[in-house]
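The next block holds one structure in the form of structure tokens; read it before the comments.
Labels below follow one simple rule: chain letters A, B, ... track the order of the sequence lines, proteins then strands, and each chain is numbered from 1.
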Amino acid sequence: MSGDHGHGDSQVNSGSKGSDSHKHKDKHKDKEHRHKDHKKDKEREKFKHSNSDHKDHSEKKHRDKEKLKHSDGSSDRHREKHKEKDKDKEKRREEKSGYHTNSTRSLHLYASRSVTVSSVIRDTVIVNISVYRFEYKPKKVKTEHDKKAKKRKHEYEEDEEDEPKKKTKDKKGTEGKKSKKEEEEKWKWWEEERYTDGSKWRFLEHKGPVFAPPYEPLPDKVRFYYDGKPMKLSAPAEEVATFFAKMLDHEYTTKDIFRKNFYKDWRKEMTSEEKSKITDLNKCNFSDMNEYFKAQSEARKQMSKEEKLKIKEENERLLQEYGFCIMDNHKERIGNFRIEPPGLFRGRGDHPKMGMLKRRIRPEDIIINCSKDSKHPKPPPGTKWKEVRHDNKVTWLASWTENIQGSIKYIMLNPSSRIKGEKDWQKYETARRLKKCVDRIRAQYRDDWKSKEMRIRQRAVALYFIDKLALRAGNEKEEGETADTVGCCSLRVEHIKLYPKLDDQEYVVEFDFLGKDSIRYYNKIPVEKRVFKNLQLFLENKQPEDDLFDRLNTSILNKHLQELMDGLTAKVFRTYNASITLQQQLKELSCSDDSIPAKVLSYNRANRAVAILCNHQRAPPKTFEKSMQNLQTKIDEKQNQLSAARKQLKAAKADHKASHDDKSKKAVEVKRKAVQRIEEQLMKLQVQATDREENKQIALGTSKLNYLDPRISVAWCKKWAVPIEKIYNKTQREKFAWAIDMAEKDYEF
DNA sequence: CATTATACTTAGAAAATGGTAA
DNA sequence: TTACCATTTTCTAAGTATAATG
């Protein structure tokens with residue numbers, strides 16, 4: 001079966017779909033209405049036929065019942081109770097041993113497993129570049145966290161040769177030394193016991209967050225003009241005006257909603273005189289302010305080295321003082337120790353609240369979390385914390401409530417910390433457990449497509465989409481509070497189109513909706529007949545703005561999944577399918593004869609396959625075209641160099657033929673080497689160009705960081721003798737230290 | 001049951017950094 | 001040295017999941 005992933009057509013950040021959100025105003029009402037219609041009709045929901053045959057007439061009967069349901073009675077949605085009552089929320093301890101058992105599996109197992117992620121990249125043409133091959137001497141893979149890392153300076157240097165850019169000698173030197181020194185203190189939390197009582201820590205001490213610097217009024221020469229006349233603003237009004245002025249070049253400031261929201265909140269900061277004077281945003285001229293800020297940032301760039309160094313040192317000091325905490329005897333890096341500064345809210349997509357004022361956070365807004373027996377952080381002089389609590393069932397150090405959505409923001413640890421790492425590891429172990437039972441689960445949902453209960457069919461079809469297409473769960477969202485985006489369970493009728501026949505394919509479903517971050521998901525995919533028929537059924541008597549799965553939500557789905565496997569939720573499918581795809585693609589694409597750059601390209605292509613599956617898109621970089629051109633220029637130059645070098649080689653050979661002396665022989669060798677070197681360089685450039693072109697609209701980072709079991713990558717690096725640095729940068733190596741330390745070359749996901 | 005609150009993961013854009021070519 | 005550019009880091013919005021509440 002092959003489907004068209006169709007991402008070629010897809011549009012990044014398309015806001016076009018959100019524009020009809022007004023249509024959904026009555027959605028909830030409608031839904032409720034529908035519930036009621038269903039209530040007394042539970043029996044009718046059952047199908048008489050067992051449905052082993054799927055003849056049209058049986059579908060027809062079903063439709064008739066549905067019609068009945070839509071016209072009377074009341075709701076039974078969500079009524080079916082899960083009889084199996086809450087199995088104990090026992091923590092899953094067995095996971096810890098997971099990798100030990102698996103790491104002993106041999107390579108042939110790796111090769112014989114058949115993966116059934118049907119949807120995955122069937123048609124993303126991934127061709128290994130076998131053209132580029134040349135000699136490669138196996139080297140020891142380096143890992144900073146390896147015990148032996150200390151002795152490895154020499155190898156380090158060898159490895160660096162692969163990367164044309166990193167040739168500076170002292171960089172190598174310092175990096176080598178640094179990793180030696182730090183490595184001695186590296187704590188292998190993954191070799192320790194975990195808490196089993198639900199507590200996250202025993203001891204927690206930190207210095208509290210760093211607040212945004214206070215507002216500095218503009219110099220008098222920087223003017224704000226209203227209706228063409230200069231006007232001095234009060235400090236609070238001026239501050240908010242600067243937020244807008246700083247964004248003048250951004251498209252946001254041209255959007256009606258943004259301007260409206262900004263203006264409304266700005267007025268709240270104005271004095272009564274200002275309020276009465278300023279009555280129209282269109283008469284406000286911020287361009288002088290805007291230019292001032294541009295000049296400022298220009299000046300910052302032009303600062304002398306010393307000044308820059310001073311700033312850097314100050315930042316370093318702040319980091320040292322506030323950027324770490326002590327958690328259970330270990331110093332751990334904090335992720336975001338700076339409180340978000342005030343500004344204008346930048347929602348993504350068609351966000352109804354864009355432009356609203358994000359207010360300044362004060363100590364009085366902050367809840368501190370730390371252990372009782374720690375030195376509590378001091379609030380800035382003359383201020384107080386909102387609260388100091390000691391809750392070791394949570395991982396955050398500080399929190400505050402944000403004023404746009406009223407949600408809570410947290411200060412938490414860096415991904416390299418034990419507390420994040422353990423959780424990450426556990427996530428992949430859950431996904432690996434899914435691997436063991438995914439066949440069973442798939443069989444079950446296929447079976448459920450035939451269920452006599454509507455809710456079961458919907459659940460089964462939704463799960464099929466989540467599994468096959470790696471869709472997100474799709475929680476309900478409050479209308480009007482956020483951009484209109486959906487996931488699987490919240491898909492609406494308007495988001496899919498059914499084609500009984502399309503070109504030469506049957507039963508094609510076209511998806512077109514905005515997902516998380518208002519990234520468009522567009523895909524045309526053939527599905528099984530039974531799925532198709534079910535979808536037709538779900539669409540009966542519905543308006544475009546009605547829910548496709550009106551008897552399903554994420555809570556119902558996840559409760560069901562929990563019964564199928566401990567710890568199973570919708571998002572586990574994404575993790576599982578992403579990781580298994582990487583593993584499978586790596587196996588398919590890797591070629592031992594390839595050079596390191598070619599291998600890395602293969603890795604990136606496997607990574608890309610996953611990113612496409614998960615629909616991780618990015619706006620093509622503004623400078624993309626130019627940067628491709630630059631690269632092409634380099635390639636052309638290199639080609640010229642090559643032909644020149646070849647000519648020289650030829651000449652040298654001729655010379656040698658004539659003279660047959662030692663000197664000319666040497667010259668030939670020298671030229672031959674030169675040609676070889678240039679060929680390699682050219683190859684590298686070409687690989688780079690290919691990689692970049694393929695990556696134009698695809699973001700690899702998200703999947704690499706959040707979906708791919710790092711042990712797969714580490715194992716691959718070991719197996720093919722690719723230095724881990726080619727795959728993970730420093731930050732990523734810190735985050736995945738546990739995987740780098742524990743995974744061997746035969747690790748299997 | 002439905003709704004709301006809470007905690008934590010996942011996400012792309014923008015800013016900062018730092019190496020390299022001019 | 002500077003300007004440019006790719007890569008890395010930071011930022012914080014936007015999801016998921018589930019517990020608490022009514």
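Checking C:dT12, B:dG18, C:dA17 against every side-chain atom of A:P341, the shortest atom distance belongs to C:dT12. Each of B:dA14, C:dT12, C:dA17 was ranked by its minimum atom distance to the side chain of A:N336; first place goes to C:dT12. Between B:dC8, B:dG12, C:dT16, one nucleotide has an atom nearer to the side chain of A:A473 than all others, and that is C:dT16. Comparing B:dG12, C:dT18, C:dA3 by their closest approach to the side chain of A:Q302 singles out C:dA3. Listed candidates were C:dA13, C:dA17, B:dC8. Nearest to the side chain of A:K358 is C:dA13. Distance from the side chain of A:T485 is smallest for C:dG15 among the nucleotides C:dG15, B:dA7, C:dT8. Here the nucleotide nearest the side chain of A:Q405, chosen from C:dA14, C:dT18, B:dT10, is C:dA14. Checked against C:dT16, C:dA13, B:dC8, the side chain of A:K423 finds its nearest nucleotide in B:dC8. Listed nucleotides C:dA13, B:dA11, B:dC8 differ in distance to A:N706; the shortest reach to its side chain belongs to B:dA11. Of the candidate nucleotides B:dC8, C:dC5, C:dC11, C:dC5 has the atom nearest to the side chain of A:K626.
Within 4.0 Å (heavy atoms only), A:G474 reaches sugar-phosphate atoms of the nucleic acid but no base atom. Note on A:A483: nothing from the nucleic acid sits closer than 4.0 angstrom, heavy atoms only. Within 4.0 Å of A:R300, counting heavy atoms only, lies no atom of the nucleic acid at all. Note on A:K308: nothing from the nucleic acid sits closer than 4.0 angstrom, heavy atoms only. Contacts of A:G515 with the nucleic acid, taken as non-hydrogen atoms under 4.0 Å apart, involve only primed sugar atoms and P, OP1 or OP2. Residue A:N475 is classed as a base contact, given a heavy-atom separation below 4.0 Å to a base.
In terms of the salt bridge (Lys or Arg N to Asp or Glu O under 4.0 Å) criterion, A:K310 has no residue partners (sequence neighbours excluded). With sequence neighbours left out, the salt bridge (Lys or Arg N to Asp or Glu O under 4.0 Å) criterion links A:K301 to A:E298.
To the nearest 0.5 Å, the span separating OG on A:S579 from CG on A:L434 amounts to 11.0 Å.
Under 4.0 angstrom from either OP1 or OP2 of B:dT10 there lies no side-chain N or O belonging to A:T702. Within the 4.0 Å cut-off from OP1 or OP2 of B:dA21, not a single side-chain nitrogen or oxygen of A:K634 is found. Contact check, A:K409 against C:dA13: a side-chain N or O comes under 4.0 Å of OP1 or OP2. Close to B:dA11, at under 4.0 Å from its OP1 or OP2, lies a side-chain N or O of A:R574. For B:dT10, the OP1/OP2 oxygens have a side-chain nitrogen or oxygen of A:K427 closer than 4.0 Å. A:S399 has no side-chain polar atom (N or O) that falls below the 4.0 Å cut-off from OP1 or OP2 of B:dA7. Remark: A:K571 is not in phosphate contact with B:dT9, judged by side-chain N or O atoms under 4.0 Å from OP1 or OP2. Contact between the side-chain N/O atoms of A:K312 and the OP1/OP2 oxygens of B:dG18 is found at a separation under 4.0 Å. Between A:H351 and C:dA13 there is no side-chain N or O to OP1 or OP2 distance below 4.0 Å. Dashed line: the shortest gap from a side-chain N or O of A:H250 to OP1 or OP2 of B:dA14 is under 4.0 Å. Checking the phosphate oxygens (OP1, OP2) of C:dA6, a side-chain nitrogen or oxygen of A:S627 falls inside 4.0 Å.
Each of A:R348 and A:M412 has a nearest nucleotide on DNA chain B; the 5'-most of these lies closest to A:M412. Comparing A:I339 and A:Q732 by the nucleotide of DNA chain C whose heavy atom lies nearest to each, the residue mapping closer to the 5' end is A:Q732. Heavy-atom distances to DNA chain C give each of A:A570 and A:R346 a nearest nucleotide, and the one nearer the 5′ end belongs to A:R346.
For an aromatic pair to be called close, the ring centres must be under 6.0 Å apart, and A:F513 with A:Y522 fails this.
Inspection of the A:N695 and A:N604 side chains reveals no N or O donor paired with an N or O acceptor under 3.5 Å.
Between the CG atom of A:L471 and the P atom of C:dT16 there is a distance of 11 Å, rounded to whole Å. In this structure, A:E476 atom CD and B:dT4 atom P are separated by 12 Å, rounded to whole Å. The nearest whole Å value for the distance from the CG atom in A:D249 to the P atom in B:dA13 is 18 Å.
With hydrogens and angles ignored, a donor-acceptor pair closer than 3.5 Å exists between the side chain of A:K516 and the base of B:dT10.
Counted within 6.0 Å of NZ on A:K353, heavy atoms from surrounding residues, nucleotides or ligands total more than 12; the atom is thus considered enclosed. Within 6.0 Å of CD in A:E251 there are 12 or fewer heavy atoms belonging to other residues, nucleotides or ligands.
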